[in-house]
Structure formats: structure tokens, C-alpha cells
Visitor: 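Right, I'll just put the structure down here and ask away after.
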Amino acid sequence: MTILTKPQVAHVEAHLAHAGLPDGLSGELLDHLCCAIEQEIDKGSTFDAALSETLQNWPIRHLQKLHRDVRFTTKTKPMLYRISAAAALLAGIAFLSPLPWPAEADHVKTLPIELATTVNDFLFEPPTASPIAGVDMKNNLSSGFGMRTHPYFKRKVFHKGIDLKAPTGTPVMATADGQVIFAGDDGDYGISVRILHEDGYVTVYHHLHDHTVQKGDQLLLGQTIGAVGSTGLSTGPHLHYEVRKDDVPMDPLALLD
Ligand SMILES: [Zn+2]
């Protein structure tokens with residue numbers, strides 16, 4: 001697997017600065033670009049060809065909007081985060097996370113606190129099922145939960161969920177009974193579904209190809225909610241899946257026996 005050299009990453013950043021992003025990009029966003037470029041190189045492209053191909057896929061205007069969003073949400077974060085975000089900007093280097101953490105944290109605040117009556121009030125089990133039928137979570141991870149280190153830059157980044165490999169169109173299922181609290185386009189997270197469960201659990205499904213449920217729908221464990229895709233800032237078909245308990249992201253694998 002290709003990892004861009006520091007001069008190449010600096011080249012990407014300079015290119016973005018030239019295109020009207022003078023403050024540079026957040027680490028997460030720059031990393032999305034670098035990962036996409038690395039994948040193109042893996043397929044046989046030169047660095048220059050991979051760069052132009054990637055920028056064609058991610059129009060500058062879209063990046064500028066994302067950049068504003070990330071900067072805006074960064075302002076609302078605790079000092080510790082702001083310091084690390086500033087460090088990321090100064091260093092101009094990349095994270096591996098497919099998800100910008102600051103924007104995600106804002107979504108957490110908007111979750112409704114009251115829980116509608118769920119389909120099964122008496123026998124609720126925490127979400128332990130795989131969100132993809134026949135796909136074992138442990139053996140199909142392309143990216144795990146928690147702190148991890150970028151292989152080249154040696155920087156720590158927090159991944160709030162797990163990424164599961166699956167082809168576009170593979171059905172995605174609710175991992176426990178619950179109620180849909182979001183279904184639609186979630187910007188850089190692509191088409192997404194969020195389900196509120198009993199006991200303060202919320203499950204999140206990002207980068208879907210489409211969704212087949214609507215906000216307010218009551219769901220049963222195993223019910224199809226949409227299909228795997230690569231919408232939003234994603235570098236290939238996969239499911240980003242999160243489990244939160246009382247708004248705190250937890251490792252979905254930790255719920256398994
Ligand atoms: Zn992910």
C-alpha cells in the first residue's frame with residue numbers, strides 16, 4: 001500500500017492552498033484526499049496523475065464548503081481539541097480517519113433525548129448483530145475503533161466506529177430494535193441512518209448508497225435500512241458503523257461475547 005511522502009503531502013496542501021484554501025485543511029480532510037491519491041497510485045497511476053484524478057472527483061468548491069464546516073465546528077470544541085486541531089493545521093499532515101471528528105461531535109448534540117416507544121420494550125438487547133448480513137464484524141474490518149496511528153506520520157487519530165468492507169449495494173440492517181432518528185444526506189458522511197434504541201444506545205450507519213427507511217420509522221432487529229455505498233467523503237465502498245451509549249462512542253466489537 002502506498003503512503004505519500006512528506007513532500008508529496010506538502011504538494012497536495014500547496015495545491016489546495018492555491019485553489020483558495022489558504023488556511024490549509026483539517027487533518028482529517030487532507031487525509032481523505034491523501035488516501036484517495038494513494039489508492040490511485042496503488043492502481044498504477046503516477047503521483048501527478050493520481051492528484052489530478054482525485055481533485056476531479058472532489059471538486060474544490062465542495063472542499064471549500066467542508067473546510068468552512070470543519071473550521072466552524074472546531075471553534076465549538078474544548079481547548080484540548082482546538083490545540084490538537086491547530087497542530088494538525090500547522091503540520092499540514094494527514095489523519096487516517098474517514099470521519100471528521102469535530103463535525104460528528106456536533107451531530108451528537110442534536111440527538112433527541114426522549115425515546116419513543118420501541119417495538120420491543122421488554123426484551124431489548126444491546127446492538128450486537130452485524131449490520132451486514134453474513135459479514136462477521138471481526139473478520140471484515142478495514143478500520144477498527146479507537147486511537148490508532150497513521151502509518152507514515154505517526155500521529156494519533158480517534159476513530160469513533162468501525163469500517164466494514166462490502167460491495168456497493170450490499171443490504172445494511174438495523175442491529176437492534178429502535179426508531180429512525182435520521183435518514184438522509186449527511187454531508188461528508190454521505191447518506192446516513194441513525195437509529196435510537198433502548199437504554200441510551202444509538203447506532204449510526206454512514207456512506208450508504210441509499211436508505212430505505214425514513215425518520216420516525218420503528219424498526220426491528222435485522223430490518224434492512226439501506227445499502228452499502230461510497231457517498232460523502234469516502235474513498236471506496238464500505239460501511240462506517242458506530243454504536244454510542246449515552247452519546248459516547250463505543251467499540252461495537254466490545255459488545256460481542
Ligand atoms: Zn469509519
Side-chain angles (χ1 to χ4, degrees), residues 1 3 25-39 57-58 66 69-70 73 81 85 88 94-108 111 127 129-132 135-151 153 155-168 170 172-175 182-195 201-211 225-245 247-256:
M1 188 191 119
I3 299 290
L25 290 168
S26 77
E28 296 94 338
L29 192 46
L30 180 64
D31 184 60
H32 277 296
L33 284 168
C34 290
C35 283
I37 292 167
E38 287 161 0
Q39 287 186 1
N57 290 339
W58 288 349
L66 282 172
D69 292 349
V70 169
T73 54
Y81 179 79
F95 284 153
L96 256 184
S97 172
L99 282 179
W101 163 251
E104 188 66 10
D106 264 15
H107 291 306
V108 172
L111 291 173
S130 169
I132 301 176
V135 168
D136 175 76
M137 285 193 279
K138 277 181 184 159
N139 294 325
N140 287 275
L141 282 185
S142 59
S143 182
F145 177 88
M147 297 304 296
R148 57 189 172 167
T149 304
H150 188 285
F153 298 105
R155 295 183 69 247
K156 297 277 187 181
V157 57
F158 184 72
H159 191 219
K160 300 179 307 308
I162 59 174
D163 295 337
L164 295 169
K165 292 173 279 187
T168 298
T170 307
V172 175
M173 309 175 313
T175 53
F182 180 89
D185 189 344
D186 200 7
D188 40 342
Y189 307 110
I191 296 171
S192 300
V193 171
R194 292 163 194 271
I195 304 173
Y201 284 101
V202 169
T203 53
V204 181
Y205 313 75
H206 283 318
H207 306 300
L208 299 173
H209 180 69
D210 57 18
H211 63 91
I225 60 169
V228 172
S230 188
T231 53
L233 276 185
S234 167
T235 53
H238 77 285
L239 175 69
H240 172 98
Y241 172 63
E242 287 177 29
V243 176
R244 299 183 191 157
K245 167 99 166 130
D247 286 352
V248 177
M250 58 186 300
D251 186 353
L253 300 180
L255 286 167
L256 304 177

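Note that ligands are numbered from 1 as they come in the structure, with each ligand's atoms numbered from 1 the same way.
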Visitor: What pairs with F145 under ring-ring contact (aromatic ring centres under 6.0 Å, His included), at least two apart in sequence or on another chain?
Guide: F158
Visitor: Is the backbone of L208 close enough, under 3.5 Å, to the side chain of T231 for a donor and an acceptor to pair up by distance?
Guide: yes
Visitor: Restricting to N/O/S atoms, is H206 within less than 2.8 Å of the Zn ion (ligand 1) or not?
Guide: no
Visitor: Starting from the Zn ion (ligand 1), look over the N/O/S atoms of H240 and name the nearest one.
Guide: ND1
Visitor: Looking only at N, O or S atoms in D163, which is nearest to the Zn ion (ligand 1)?
Guide: OD1
Visitor: Verify, without hydrogens or angle tests, whether S192 (side chain) and H206 (backbone) share a donor-acceptor contact under 3.5 angstrom.
Guide: no
Visitor: How would you list, by chain and number, every residue that makes a side-chain contact (heavy atoms from CB on, under 4.5 Å) with I132, sequence neighbours excluded?
Guide: S130, V135, L164, A166, T170, V228, L239
